[in-house]
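Here's the structure we're looking at; comments come further down.
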Amino acid sequence: MARVVLAMSGGVDSSVAARLLLDQGHEVIGVFMRHGEESAEVCKAEPSSPSPILPILQGRLDHKQGCCSASDAADSRRVADQLDIPFYAIDLQKDFRRIVDYFIDDYQHGRTPNPCVQCNNWIKFGKLFDYADSVDAEFVATGHYARLLPTSEPGVPIGLFRGVDDHKDQAYVLAGIDRSLLSRMLLPVGHFVKQEIRSLAARFGLRVANKRDSQEICFVTSGHHGEFVRQRSRRNTAGEIVTTEGEVVGTHDGIEGFTIGQRKGVRVAMGEPYFVVHIDPEVNRVVIGRKDSLARTSLTATQANWLIPPNLLPSEDLSVKIRYNSPAQPATIEATADAFGVTFHSPCHGIAPGQLAVIFQDNRVVGSGWIDSTA
C-alpha cells in the first residue's frame, strides 16, 4: 500500500491506529514527539546508530523514568516492538518552545490559548509532514477521533468530519489544518467509538488497552496553568476582581489564572454563582458577574482557515463551536478570505477571545478562526 508516518503518543488510540494501518497493508513508521519542556536534563540519552529509513531523526532513546513523558515514550516503543515497526523519538524542544511562548503570551494578554490546536497546526501536521517528505512517506497518521471522507466540491477531494463517537470527537482540534494536507492524512480510529478501540487493543494484546486518557495540557504537568505561566514570565499580572457594576470584591495573583466563563477558582464569596465575564490586561482586572452577563450574540474571528473555499460556504444549516467541550450553536456566518463574523441564533455563553471558533455544516468542518472579539 503506502508508507505512513504515525504520531505515537503512548496511548491506546495511536497504538491501535498502528495495528489498523498494518492490517490495511501500509508500511508504518512510528514517531514519538518529545517536547522536553519538563525535566529536560533527565530526558537526555545517547542516540542509537543513525536510522537508514529516517536519517534526520534520532534513533531510539532509552528514556529514564521521571523524564517528561517517559512512560509514554516507553509505551510507544513497546507497542512498536510488539508490532515490529520502526520507532523513532523526535526531539522537538526548540520547535515546541513556540507553543509554550504562545501559551504564556496569550494568557498574559487576557486571552485563552488553545495549545493543542496550535500543536496540531505547527508541529503534528507541520513538522511531521516535513519528516514524512524526507522519507518519501505518502501519509501522516494520528489517533484522533475524526474522519476524512470524499466530497463533491471541485478542487476539494477530502473533507474533515466529526468522529462517530460523539463523546470523543476531535474534529474541533484539527480544524486549523490546511485543507491541502487533508488528502495526505489518515485518521484510522475516527470510525470507531472509544470502547471499540479499547476492545481492539485488548484483542491485539496491546499493553496500553486500559491506559487512562490524558486530560491535561502535555507540558503543564502540574495541571495548574496559571502557576506554570507565572513561573516562566517576569510580568506581574496580579490585580483586582470587580463586579460588572464596578465594585471591588477581591484580588487575584494573575490574570493568567482566569478564562471567560470560569466559575470555580474565582475565590470570591458572592452568595450566588458568579462567573468571569471579562479580563482587562491593561490594568490586570478580572470582571465577574451573574451568568446572564456572559450572554453574547456575535463574535469576530481572524486568521481564518477554510476547509472549503469561503465562496462555497452555504448560507444555512451552519453551527459554530466556541470551545472543544462546547456544543455547536446554530449561527449565520459572514465570511471573507481571512476572517469571519458569527451571529448566533440564540445567545451564546462563555465566548473567550483566543479560543478557536469552528464552523460546522452538519458533521463536517468547513472553517475555523481565532476568536478576536465578541458582542
Side-chain angles (χ1 to χ4, degrees), residues 1-35 48 51-54 57-63 69-90 92 116 119-120 123-125 127-148 163-165 168 170 173-174 177 181-182 184-214 218:
M1 294 285 286
R3 178 175 287 181
V4 180
V5 171
L6 169 67
M8 299 186 70
S9 65
V12 63
D13 302 321
S14 59
S15 298
V16 171
R19 173 60 187 268
L20 292 173
L21 291 168
L22 287 173
D23 288 349
Q24 293 166 15
H26 295 298
E27 175 191 353
V28 181
I29 300 168
V31 172
F32 181 84
M33 292 175 286
R34 181 164 62 87
H35 58 70
S48 65
S51 160
I53 302 178
L54 296 177
L57 302 190
Q58 292 177 220
R60 298 187 181 189
L61 296 178
D62 293 323
H63 292 273
S69 302
S71 62
D72 293 328
D75 286 341
S76 296
R77 185 171 64 247
R78 280 192 288 266
V79 169
D81 286 342
Q82 182 177 345
L83 297 178
D84 195 25
I85 63 173
F87 174 77
Y88 305 93
I90 310 174
L92 291 176
C116 296
C119 183
N120 286 328
I123 296 180
K124 285 185 180 176
F125 295 101
K127 292 295 181 181
L128 210 52
F129 266 104
D130 293 339
Y131 294 132
D133 290 340
S134 72
V135 297
D136 298 322
E138 185 176 351
F139 296 104
V140 165
T142 71
H144 284 100
Y145 284 83
R147 293 175 295 160
L148 297 163
V164 299
D165 190 333
K168 295 297 295 183
Q170 294 174 298
V173 299
L174 299 178
I177 305 302
L181 297 177
L182 296 181
R184 293 189 59 198
M185 289 167 51
L186 296 175
L187 303 172
V189 306
H191 298 270
F192 298 86
V193 299
K194 182 73 177 194
Q195 190 52 48
E196 289 177 313
I197 293 299
R198 290 201 181 279
S199 296
L200 285 172
R203 187 196 309 170
F204 298 153
L206 302 177
R207 291 179 54 182
V208 295
N210 295 313
K211 185 174 180 179
R212 294 178 60 184
D213 293 339
S214 174
C218 64

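By the salt bridge (Lys or Arg N to Asp or Glu O under 4.0 Å) test, R184 is found to be paired with D133, residues two or more places apart in sequence or in another chain being considered. When the side chain to side chain contact (heavy atoms under 4.5 Å, CB included) test is applied to A202, the partners found at least two apart in sequence or on another chain are A209. For K127, the side-chain hydrogen bond (donor to acceptor under 3.5 Å, both in side chains) partners are D95, not counting sequence neighbours. With sequence neighbours left out, the salt bridge (Lys or Arg N to Asp or Glu O under 4.0 Å) criterion links D13 to K194. Not counting sequence neighbours, D136 has no partner by the salt bridge (Lys or Arg N to Asp or Glu O under 4.0 Å) test. Judged as a salt bridge (Lys or Arg N to Asp or Glu O under 4.0 Å), and not counting sequence neighbours, the contacts of R78 are D75.
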*Does the side-chain contact (heavy atoms from CB on, under 4.5 Å) test come out yes or no for L186 and Q24, once each step is laid out?*
CA-CA 12 Å; L186 296 175; Q24 293 166 15; 5.6 Å; no
_Trace of the side-chain contact (heavy atoms from CB on, under 4.5 Å) decision for H26 with I85_ = CA-CA 11 Å; H26 295 298; I85 63 173; over 6 Å; no
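Considering only heavy atoms from C-beta on, F204 comes within 4.5 Å of D23 through its side chain. Counting heavy atoms from C-beta outward, L128 and I123 have side chains that stay 4.5 Å or more apart. Looking at L200 and F192, their side chains come closer than 4.5 Å, going by heavy atoms from C-beta outward.
Here the shortest heavy-atom pairing between R19 and L83 reads N-CD1, 3.9 Å. Heavy atoms only, all atoms of each residue included: R3 and V135 are closest at NH1-O, 2.8 Å. Between M185 and F129, the closest heavy-atom pair is CG-CZ, 3.9 Å. Residues P188 and L20 approach most closely at O-CD1, 3.8 Å, considering heavy atoms. Contact record, S15 with V208: OG-CG2, 3.5 Å, taken as the closest heavy-atom pair. The minimum heavy-atom distance between V140 and A132, with the atom names listed, is CG2-CB, 3.7 Å.
Taken to the nearest 0.5 Å, the CD atom of E27 stands 12.0 Å off from the CG atom of L21. Atom CG of residue L6 and atom CZ of residue F87 lie 10.0 Å apart, to the nearest 0.5 angstrom. The OG atom of S9 sits 7.0 Å away from atom NZ of K124, with the distance rounded to the nearest 0.5 Å. Note that CG of L182 and CG of L148 are 6.0 Å apart. Values are rounded to the nearest 0.5 Å. Note that CZ of F125 is 4.0 Å distant from OG1 of T142, once rounded to the nearest 0.5 Å. To the nearest 0.5 Å, the span separating CD1 on I29 from OH on Y131 amounts to 13.5 Å.
Under a cut-off of 6.0 angstrom, the local environment of CG in N210 is sparse, with at most 12 non-hydrogen atoms contributed by other residues, nucleotides or ligands.
A salt bridge is absent between D81 and R77; no separation between the charged side-chain nitrogens and carboxylate oxygens falls under 4.0 Å.
At least one donor-acceptor pair closer than 3.5 Å links the side chain of Q170 to the backbone N or O of Y145. At least one donor-acceptor pair under 3.5 Å links the side chain of Q82 to the backbone N or O of G205. In this structure a side-chain-to-backbone donor-acceptor pair under 3.5 Å is missing from K168 to G163.
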